[in-house]
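Data first, discussion second: the structure below is written as structure tokens.
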Amino acid sequence: MLKQRIITAAWLAPLVIAGLFGLEGNAYALFTALIVLLATWEWSNLAGIASPLQRTAYLVFMAVLMVLLWLAGSEGSGRLLWVGALGWLVNLYWVTHYPDKTNHWQAPSWRLVMGLWVLLPCWVGFNVLEAAGSVWLLFVLLLVWSADIGAYFAGRAWGQRKLAPSVSPGKSWEGVLGGMMATVLLALVFGVWQQLGILGSGLLVLITLVVTLASVLGDLLESMLKRHRQIKDSSQLLPGHGGVLDRVDSLTAAVPLFALLYPLVPVL
């Protein structure tokens, strides 16, 4: 399994980096749309849809919505980011009340609707950040990776209090705090690098803390859906790594929220 993970990462990482930082405009939008559409196919499985025809119909519906959003431009993008933020508040309620409130979303139709406010704002967020400059895209990617690494090591070293035992028994509050410390350090370094000043750096730290918590929620939401479906991975598309959703679950929450909040940072 380790060998397979390394082989997959060896070709996947350069491909993703080249797509995210080497493409612009329509090519970039198409590349990120492909990633989100692959995640959409997996989401239909998490929603409990077994029929290939129905899953394809959901995929086509998502693609049509993407085209309409692209044609709508920045006005439609801004509104959808707010819809995504409100949707994640609903997701937070469901995750923190699992399994008591499972009846709210267990119907496949509700899980398909949930996928709309999870996946579409994520795609929009990627495009908003690309238009703003690759430095912001780089920051949010580093934020999610730093949060994961910090949580992993802090959780292993000091993890005692379970974060959400009914959803993901391996996560701890100590791990969350470790991830937050790692991302705050990242924000401070970034503030100095970009010469944001005291006010800009302070606001970036606050936004970073909120987005870090959102990234944890993104991970927990997918864990909740997989636990409900009694599956380990969203798919086997990436040998050794599971599916696309397994790799971008944290980003589905972090990217749109950061795209919504980053304009608050005054660039000095």
Test side-chain contact (heavy atoms from CB on, under 4.5 Å) applied to Trp105 and His228, step by step
CA-CA 11 Å; Trp105 52 265; His228 184 73; 3.7 Å; yes

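- Cluster annotation: Leu65 and Val67 are assigned to distinct hydrophobic clusters (Ile/Leu/Val/Met/Phe/Trp/Tyr, side-chain heavy-atom contacts under 4.5 Å, transitive).
- Note that the CG atom of Leu186 and the OG atom of Ser146 stand 4.5 Å from one another [nearest 0.5 Å].
- Rounding to the nearest 0.5 Å places CG of Asp219 at 7.0 Å from CG of Asp148.
- Annotation: side chain of Met62 is in contact with side chain of Leu120 (closest heavy-atom distance under 4.5 Å).
- Minimum heavy-atom separation, Gly243 to Ser234: CA-OG, 3.4 Å.
- Distance check, rounded to the nearest 0.5 Å: OG1 of Thr252 to CD of Glu222 gives 8.0 Å.
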Go through the steps to decide whether Gln194 and Val265 satisfy the test side-chain contact (heavy atoms from CB on, under 4.5 Å), and finish with yes or no.
CA-CA 11 Å; Gln194 292 297 304; Val265 180; over 6 Å; no

Exercise answer: donor-acceptor pairs, residues 19-39 side-chain atoms, under 3.5 Å, sequence neighbours excluded:
| residue | atom | partner | partner atom | Å |
| --- | --- | --- | --- | --- |
| Asn26 | OD1 | Trp70 | NE1 | 3.4 |
| Tyr28 | OH | Phe126 | O | 3.1 |
| Thr32 | OG1 | Tyr28 | O | 3.0 |
| Thr32 | OG1 | Ala29 | O | 3.1 |
| Thr32 | OG1 | Trp123 | NE1 | 3.2 |

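- A donor-acceptor pair under 3.5 Å links the side-chain atoms of Arg229 to the main chain of Asn45, judged by distance alone.
- Within the 4.5 Å cutoff, the side chain of Trp11 has heavy atoms near those of the Leu15 side chain.
- Leu209 and Val192 fall into different hydrophobic clusters, where Ile, Leu, Val, Met, Phe, Trp and Tyr are joined by side-chain heavy atoms under 4.5 Å apart, directly or via other members.
- Taking the six-membered ring wherever Trp is involved, the centroid distance between the rings of Tyr58 and Trp43 does not fall below 6.0 Å.
- In this structure, the side chains of Pro99 and Thr102 come closer than 4.5 Å at one or more pairs of heavy atoms.
- Thr212 and Thr183 share a side-chain donor-acceptor pair at under 3.5 Å.
- Shown here for Arg111 and Leu46, the closest heavy-atom pair between the two residues is NH1-O, 2.8 Å.
- In this structure, Arg55 forms a cation-pi arrangement with Trp41, its terminal cationic atom sitting closer than 6.0 Å to the ring centre and no more than 45° off the ring axis.
- Without hydrogens or angle criteria, Gln160 side chain to Glu174 main chain gives no donor-acceptor distance under 3.5 Å.
- When hydrophobic side chains of Ile, Leu, Val, Met, Phe, Trp and Tyr are connected at separations under 4.5 Å, Leu89 ends up clustered with Leu86.
- Side chains of Thr8 and Pro239 form a contact here, defined as non-hydrogen atoms less than 4.5 Å apart.
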Before you tell me yes or no, could you show the steps for Val255 and Val248 under side-chain contact (heavy atoms from CB on, under 4.5 Å), namely the whole-Å CA-CA distance, both residues' side-chain angles and the distance that decides it to 0.1 Å?
CA-CA 10 Å; Val255 167; Val248 303; over 6 Å; no

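- Note on ring orientation: taking the six-membered ring where Trp is involved, the planes of Tyr93 and His104 are parallel (angle under 30°, cut-offs 30° and 60°).
- Here the side chains of Trp94 and Leu221 are not in contact, with every heavy-atom distance at 4.5 Å or above.
- Across all their heavy atoms, Leu81 and Pro256 have their closest contact at CD2-O, 3.7 Å.
- The nearest pair of heavy atoms linking Ser172 to Gly159 is OG-CA, 3.5 Å.
- Val189 and Leu203 are members of different hydrophobic clusters when ILVMFWY side chains are connected at heavy-atom separations under 4.5 Å.
- Side-chain contact check for Val128 versus Leu80: every heavy-atom pair is 4.5 Å or farther apart.
- Of the inter-residue distances, the one linking Lys226 atom NZ with Leu245 atom CG reads 8.5 Å to the nearest 0.5 angstrom.
- Within the hydrophobic cluster formed by Ile, Leu, Val, Met, Phe, Trp and Tyr side chains joined at under 4.5 Å, directly or through other members, Trp158 stands alone, with no partner residue.
- Ring centers of Phe139 and Phe258: under 6.0 Å apart, within the cut-off.
- Residue Leu59 holds its CG atom at 13.5 Å from CD of Gln54, rounded to the nearest 0.5 Å.
- The SG atom of Cys122 lies 11.5 Å from the CG atom of Leu257; values are rounded to the nearest 0.5 Å.
- Judged by distance alone, with hydrogens and angles left aside, the side-chain atoms of Arg161 form no donor-acceptor pair with the main-chain N or O of Trp173 at under 3.5 Å.
- Annotation for Ser168 and Leu220: closest pair CB-CD2, 3.8 Å, computed over non-hydrogen atoms.
- Neither Phe153 nor Val216 shares a network with the other; the hydrophobic side chains, linked directly or stepwise wherever heavy atoms of I, L, V, M, F, W or Y lie under 4.5 Å apart, form separate groups for each.
- If you chain together hydrophobic residues whose side chains sit under 4.5 Å apart, Leu237 and Leu225 fall into the same group.
- Contact annotation: the side chain of Leu199 approaches that of Pro266 to within less than 4.5 Å [non-hydrogen atoms, C-beta and beyond].
- A heavy-atom distance below 4.5 Å is found between the side chains of Ser235 and Glu42.
- Of all heavy-atom pairs spanning Gly175 and Ala154, the tightest one is CA-CB, 4.2 Å.
- Atom CZ of Arg79 sits in a sparse spot, with 12 or fewer heavy atoms from other residues, nucleotides or ligands closer than 6.0 Å.
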Just do the side-chain contact (heavy atoms from CB on, under 4.5 Å) check on Phe61 and Leu116 with the steps written out, would you?
CA-CA 10 Å; Phe61 179 64; Leu116 297 181; 4.1 Å; yes

